[in-house]
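Each chain gets a letter, A, B and so on, in the order the sequences are listed, and its residues count up from 1. Scope of the values below: all heavy atoms of this structure, side chains included, with no hydrogens, waters or symmetry mates.
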Amino acid sequence: MEGYLIAISISVLIYLLMASGLALQYGFTGLVNFGHVGFFAIGSYTSALLALKGVPIPVSLAAATALAALAAYPLGMVSLRLGGDYLAIVTLGFSEAVRMTLQTEEWLTRGMHGLPGIPRLFAGWVDPKMIDLCIFLLLLAVCAAVFLLIHHIIRSPFGRVIEAIRDNEVAVRALGKNPAQFKTRSLMIGAGIAGLAGGLQAHYLTFISPEQYVPLITFYIWIALVLGGVGSLRGVIIGTVLLVGFLEGSRFLRDIFTGVSEVQLASVRIWIIGMALICVVLYRPQGLFGKSSGKSARGSN
Amino acid sequence: MSLLKIANLSGGYGDVDIISGIDMDVGAKEIVTIAGTNGAGKSTLIKAAMGILPRISGTMVFDGIDLMKLQIEDRVRIGISYVPQVRNVFGTLTVLENLQVVEHAPAKAARIRDMFDLFPALAGRRGTYAENLSGGERQQLAFARALMSSPRLILLDEPSAALSPALTDQVFEEVKRLPQADVAVLMVEQRARQALAFSDRGYILDAGRIVLSDTGANLLANEEMGDVYIGRGQVQAAPQSPSSHI
Amino acid sequence: MDWISIANAVINGVVIGMLLALPALAITLVFGIARFPNAATGDYMTLGAYTTIASQMFLGGSIVTAVLGAMTMTAAVSLLMYFWVFRALAERSHVSRLIASIGVAFAVRSSITFFAGQDQYVVDLPLVRAWNFGGIRILPTDLYIVGAALVALLLVFCVMYLTPTGRRMRAIADSPELAAASGIRARRVMIFLWAVAGAFCGLGGALLGIKAVVLPELGWELLMPMFAGVILGGIGSPVGAVLGIVTFSIAQEVATLFVGPAYKVVLAFLILLCVLLMRPQGMFGRPIAAR
Amino acid sequence: AQGEPVFRLGALNSITGIGGPYGPYMLEAIKLAVSEVNAAGGAAGRKFQLFAEDDQTKPEAAVLAVKKLVEINKVEAVVGIWPSSVGLATMPITNDANVITMNTCGAPEMLTENKKGLAWMFQASNAIFGNAFAEVARRRGFKRPAVMAFNNSTFVGQANYFKNAWEANGGKVSAFVVYEPNQSSYRTELARVLATKPDVISLSAYRPDATIILKEWYQSGQDCKFIMPGWTANEDLVKALGKEATEGLISISNVAAEQHSAFKHFAGEFKKITKREPDIFAAQSYDMVITLALALEAAGAKADIAAINDKIRSVTGTGGTKANSFVEGRDILRKGQKVDYDGASSRLDFGKQGETVPDFGVFDIQDGKLVLKETIPGQLPA
Amino acid sequence: MALLSITDITARFGGFRALDSVSLEVGDGELVGLIGTNGAGKSTLFSVATGYIPAGSGSVVFQGEDITNVPVHQRVRRGLARTFQVPREFSHMTVFDNMMVAARDQRGEKLAALVFSRHAIRQEEERLAERVREVMAFLNLARVSDELAGKLSGGQKKLLEIGRLLMLEPKCILLDEPFAGVNPVLIEQLCDRIVELNKRGIAVLIIEHNLAELARIVPRLYAMDRGRVIASGTPDAVLADQGVREAYMGGVI
Ligand SMILES: Nc1ncnc2c1ncn2[C@@H]1O[C@H](COP(=O)(O)OP(=O)(O)OP(=O)(O)O)[C@@H](O)[C@H]1O
Ligand SMILES: Nc1ncnc2c1ncn2[C@@H]1O[C@H](COP(=O)(O)OP(=O)(O)OP(=O)(O)O)[C@@H](O)[C@H]1O
Ligand SMILES: [Mg+2]
Ligand SMILES: [Mg+2]
């Protein structure tokens with residue numbers, strides 16, 4: 001039982017890391033990044049390949065973070081010219097390009113065969129039974145650090161500028177600030193976090209293959225973000241927990257719907273997830289726990 | 001008998017009342033001006049009359065019809081039209097389309113021709129997307145758009161803002177002529193002195209309440225009000241003979 | 001590469017592009033007017049394909065009635081979802097509408113699989129051979145597909161640019177409040193929009209079902225190329241959507257000959273990126289005002 | 001059923017995702033086998049209690065699903081694992097938890113990663129399959145084969161081994177195309193292959209994409225043969241394409257050795273439930289449960305996982321008395337004899353690393369029916 | 001020597017010539033007005049001067065340097081700032097934050113500084129907040145300090161626009177109809193403030209249709225019509241110009 005809970009928690013925390021990166025990019029900077037999974041993939045493969053070559057895991061994770069962040073640099077340049085939905089499709093294309101490359105360049109990535117036998121975090125350091133727990137604790141610490149970092153960033157003058165960019169880029173330029181610079185940095189930080197998440201996941205799963213990095217993962221992160229309420233870190237946490245809750249909790253539907261076949265049950269699961277999405281968006285406009293709009297109502301006299 | 005009768009109207013965007021306890025009349029063929037400081041609630045009041053304000057209470061009757069029950073579109077149908085202060089044109093439509101798109105316009109083509117006669121600057125730019133218009137051109141278009149549907153009451157939110165003196169005069173002349181065509185006018189103006197001069201009546205709004213209402217002439221004569229709300233006389237009179245006041 | 005292969009690849013790209021042009025039109029209309037990328041588009045297509053299969057299986061009748069049935073069905077579902085979901089979200093950020101549409105996509109697809117299962121279906125139509133003009137192959141059924149798409153495009157174009165409805169649509173897209181203050185009844189216009197969008201998806205899905213096989217993920221998998229096409233063409237532009245998706249498809253097919261199937265997606269996206277860097281608003285989009 | 005000793009069995013199937021056309025039937029087959037075992041009073045007196053999960057054909061979903069099976073349902077074995085990606089991603093977990101797994105994965109890495117010997121491959125590995133394809137092409141006298149494969153590890157592996165095996169004998173492959181899945185047309189990919197004028201195409205595909213490719217091939221009017229895996233080229237494919245377009249396709253699948261009684265029995269029961277012919281994965285899934293049951297029977301009611309696992313090779317290996325069903329095998333075991341279960345999917349002789357090397361049946365599709373032409377022994381590449 | 005000199009600027013939109021070789025100068029510390037018919041090209045000229053619209057031909061020289069091809073934000077950093085005719089507030093931020101963003105070269109905008117000089121940043125923030133409060137008090141915005149800027153009234157947004165400009169401490173400011181929609185009482189105060197700013201050495205170029213106020217404060221005036229400068233000089237001279245009277249004031253005496 002605890003093992004399963006820990007596994008789910010690990011899954012939550014990995015999604016959470018990714019979501020926090022996206023929260024910085026979209027929630028606070030307004031960059032519509034639909035290629036988040038691309039950075040995640042870059043992180044995974046970088047760390048996995050390095051570790052398989054014998055590089056110590058902390059080093060490989062650092063490299064994963066750095067490389068994912070670097071990969072975001074050119075996209076930041078592109079985001080200079082492209083707004084909103086146009087950037088969305090370009091980033092989506094980027095993540096697909098990453099996946100195709102991983103899939104095709106067999107000499108490096110073994111292509112579709114994937115990378116088995118990636119060194120596990122903490123392997124050889126602690127009792128195998130405790131590894132998952134340790135990974136969970138590590139992720140918890142990483143998440144906390146990342147949240148603190150983001151919290152600090154968005155409260156700073158830097159955060160104020162990226163928030164302003166989200167609202168009105170033209171006006172930001174009129175204030176003598178170069179939006180491209182801020183956007184690129186925000187994109188790189190978010191991407192780096194996703195890369196780190198990817199690396200950690202690779203060392204947790206020990207097997208990765210290109211099929212894991214499909215755009216659906218990006219959609220999931222977006223869903224988490226919107227469920228919890230865009231623009232608040234607390235919302236990100238709740239959204240992610242809810243998402244994984246929907247995805248995983250629906251496994252236990254079997255105990256409720258005893259009559260239906262397995263195929264139908266799978267349909268019911270997806271149906272419930274779909275309905276939950278619609279209902280949350282419809283009936284909880286600010287996300288379940290987002291920034292309320294009440295702020296404006298007070299104090300006009 | 002008054003065309004639009006507002007009684008004890010309160011409302012706002014959130015929980016807080018932006019306007020409260022408003023009583024106001026606009027008679028048929030009357031020009032009524034609302035003035036007041038920035039943020040007093042003038043636009044909010046106009047929006048309430050158009051049905052755009054999210055939350056209102058009180059009564060509003062237009063020509064015997066209870067307005068509180070009507071949708072925005074229906075208010076247009078019974079003869080109310082509106083020029084907002086901001087976002088007053090469809091930016092992604094061309095000048096011509098901005099006029100064509102108005103519903104309830106009898107003899108549309110002829111009416112559009114009239115509008116282009118009235119504002120020749122627009123005629124030359126008929127194919128331009130409205131978002132590319134200059135500030136003044138927009139204002140003209142917005143006014144023309146509101147006239148399209150041959151309304152009986154026209155709500156104008158600062159029609160002269162961004163207009164050159166020549167055009168301001170032209171627009172005001174047009175407003176002055178409206179009662180002859182059986183159109184009543186309720187307008188918000190910052191150039192209140194100019195506006196009150198030809199208004200039948202005026203209201204001064206402050207912090208969401210009506211602090212003074214009287215005929216246009218009487219308001220202009222009220223010194224204290226001038227200092228606090230509508231500025232001293234010479235400022236507004238200036239455009240006609242600018243050099244004398246430097 | 002010899003020119004015959006290239007010609008065939010181009011023809012193939014045109015056919016696939018035209019097939020996807022129908023749902024792409026639906027996407028661009030909804031995108032331009034209801035202001036969000038509707039992720040349920042793909043699954044409306046799937047619904048169209050399955051409805052075609054179902055009406056063939058249970059009601060018999062000709063393929064034409066089956067396709068018409070599919071169009072009606074998807075239009076109905078599309079309207080239903082408008083009334084329940086998207087109407088209420090009109091004032092909200094387009095990302096929340098996007099997420100809601102993902103929810104709709106899941107709900108529609110899982111409703112299908114609940115009854116039809118995960119296995120594949122095929123539309124019951126005899127196979128015909130292609131006409132062969134000295135190596136260049138043209139399939140009669142493909143001509144129908146292209147024909148249907150062209151007619152649909154013409155229809156949308158006429159409605160958008162020659163009738164008041166199109167103007168009203170664009171006015172609502174621009175500012176719902178001002179549209180209402182101009183006396184436009186948004187309700188009617190939106191009903192028209194969603195019905196047309198649904199019917200187009202249904203038709204596209206049915207045609208796709210005829211051409212390929214019918215699977216639960218049929219439409220969902222095509223979302224990305226369709227969005228890419230729409231964006232390439234310029235959001236909100238019907239002509240752009242069709243030309244965009246056709247260009248995108250041709251690029252993919254021709255690229256298959258040169259860089260292979262895996263990198264064709266990458267290449268197509270590179271083309272997209274290059275076009276966007278030169279014209280950030282897409283091929284036929286209107287430039288965003290400079291001030 | 002409380003108090004009665006049970007064996008907790010997990011089924012991890014690809015119900016949704018790309019495995020959708022196969023996974024649900026694999027689960028049906030597993031349920032069928034479980035009910036047969038339980039109807040016979042269980043194995044060593046222990047009844048099978050089944051816990052099913054959907055892995056969505058995705059490794060990361062599979063990880064959570066298998067965690068749930070292991071941690072919450074406390075299963076002792078997991079059967080029905082279909083794609084190699086899921087097999088490879090879940091192996092570390094099942095190994096850690098000491099759980100037996102039985103799969104249909106074809107990736108050779110499954111063998112090297114099977115470090116504890118707890119995993120059993122019921123499907124021939126890609127290498128063996130690729131070899132068999134090449135062997136059939138050679139026997140049929142083809143000169144210019146081309147290769148087309150769905151881009152995933154199984155099929156790319158198959159295609160590569162085909163190419164290697166063919167070229168090892170000095171031949172040349174006229175075209176080698178790996179295509180991206182989930183497309184609505186493969187005409188340009190196909191055109192690239194057909195442009196090289198092959199006399200046969202080794203098509204490693206699943207049914208949906210094979211349906212489209214064959215449709216487009218037929219429409220193109222160009223003449224050539226196809227060699228395809230049995231789970232794709234079967235009655236369902238005929239149903240989808242009609243007799244004319246499928247005439248003469250060569251379909252290869254592993255067959256139960258010598259006589260088909262296990263398969264016949266299974267197919268009959270399976271048809272009663274699902275109204276259709278079982279495919280090879282369903283047959284393999286059925287065999288997984290029966291094999292496990294026999295091993296449990298042989299190891300005894302008190303045996304631990306390791307002891308049961310040890311028996312798997314012995315209840316299927318050569319040298320025992322042949323059995324074709326659980327009851328037959330159990331009765332032989334009860335007599336104190338050694339048993340050799342020959343299953344519905346193959347004769348199931350496991351190699352050192354848990355792999356099977358089945359015999360392959362070569363079928364031609366004639367007038368919409370699969371007709372067995374010959375049987376060739378499977379073999380690893382040289 | 002002129003602080004800002006615009007020479008022979010031309011700008012086209014498709015076939016439409018919005019600016020037709022316009023030349024204009026603002027001297028160091030000068031206060032200059034710009035009037036013109038609606039659609040004359042005044043706002044377009046501002047956009048060209050600040051880099052939002054590329055100049056078709058001609059040059060923009062600021063502080064002796066040719067900045068015709070310098071990007072917008074760098075022009076602002078050199079001290080050439082503008083307001084927009086249609087306010088461009090950061091609608092989802094509070095009025096206070098709108099003002100805070102505006103201050104230039106904030107230490108805390110650098111990521112590295114966030115980690116290494118947190119104390120300095122805090123001090124800087126306090127200093128800025130003080131200045132923001134001053135400016136807001138002057139513009140009558142203190143009352144709405146915590147409101148989201150998107151919810152301000154039309155006039156308040158114009159004031160905010162000016163407020164942000166004041167935070168920038170530029171050398172030369174281009175004001176695009178700052179008084180449109182602003183209450184007359186406040187206009188007078190704004191005028192005084194503009195004059196005061198100008199006295200401190202900031203050059204101002206101001207587009208305004210409110211001639212009385214404009215003429216009261218500017219010593220020099222340009223008039224534009226249909227993309228050209230048609231007159232320049234003292235307000236009296238310009239407003240007496242026959243062409244200007246016809247084009248701008250509809251011939252009214
Ligand atoms: N992007 C554009 N496309 C087409 N025409 C444009 C564009 N931008 C401006 N114009 C036109 O250029 C002319 C000048 O516009 P500008 O905004 O500079 O006028 P202005 O002098 O500021 O007028 P106002 O006093 O009304 O604000 C106008 O006729 C306007 O329609
Ligand atoms: N959309 C909105 N949501 C919340 N509050 C608003 C909104 N619009 C205006 N307000 C508030 O209502 C008050 C009155 O605004 P209104 O626009 O009616 O003022 P006004 O009298 O028209 O001022 P101005 O002369 O500047 O246009 C202001 O304090 C403003 O902050
Ligand atoms: Mg107002
Ligand atoms: Mg202007």
Which residue out of E:A81, E:P170, E:S145, E:A102 racks up the most heavy-atom pairs below 4.5 Å with chain A? E:A102

Side chain, backbone, both or neither: which part of E:R75 has an atom under 4.5 Å from a heavy atom of chain A? neither

Shortest non-hydrogen separation from A:F28 to A:R166 and the atoms involved: O-CB, 4.1 Å

Residue from E:T83, E:D105, E:V72, E:V76 scoring the most non-hydrogen pairs under 4.5 Å with chain A is E:V76

Pick from E:R118, E:K110, E:E161 with the largest number of heavy-atom pairs that fall under 4.5 Å of chain A: E:R118

Sort E:A103 into side chain, backbone, both or neither according to what part of it lies under 4.5 angstrom from a heavy atom of chain A. backbone

Portion of E:Q106 that has a non-hydrogen atom of chain A nearer than 4.5 angstrom: side chain

Contact summary for E:V26 and E:L24, nearest pair of heavy atoms: CG2-CD2, 4.2 Å

Residue among E:L111, E:D97, E:T50 with most heavy-atom pairs under 4.5 Å to chain A: E:L111

Does NZ or CZ of E:R78 lie under 6.0 Å from the centre of the six-membered ring of E:F62, at an angle within 45° of the ring axis? no

Taking everything shown except E:R131 itself, do over 12 heavy atoms lie less than 6.0 Å from its CZ? yes

Measure A:I162 against the heavy atoms of chain E and call it side chain, backbone, both or neither at under 4.5 Å. neither

Where do E:K171 and E:D28 land on the salt bridge (charged side-chain N to carboxylate O under 4.0 Å, His left out) test, with the steps shown first? CA-CA 9 Å; E:K171 296 202 181 64; E:D28 217 347; over 6 Å; no

With E:R164 as the cation and E:F90 as the aromatic partner, state whether NZ or CZ is under 6.0 Å from the six-membered ring centre and within 45° of the axis. yes

Paired with E:V32, the side chain to side chain contact (heavy atoms under 4.5 Å, CB included) test is passed by just one of E:I206, E:L205, E:V218, E:V204, namely E:L205

Is it the backbone or the side chain of E:E125 that comes under 4.5 Å from a heavy atom of chain A, or both, or neither? side chain

Residue from E:M167, E:R104, E:R122, E:R77 scoring the most non-hydrogen pairs under 4.5 Å with chain A is E:R77

Closest non-hydrogen atom pair, E:F46 against E:D176: CE2-N, 3.7 Å

So, the part of E:S91 with a heavy atom under 4.5 Å from chain A: the answer is both

If we define contacts as heavy-atom pairs under 4.5 Å, which of A:G159, A:A164, A:P179 has the most with chain E? A:A164

Contacting moiety of E:M100, where chain A heavy atoms sit under 4.5 Å: both

Scanning both residues in full, the closest heavy-atom pair of A:T65 with A:G192 reads CG2-O, 3.3 Å

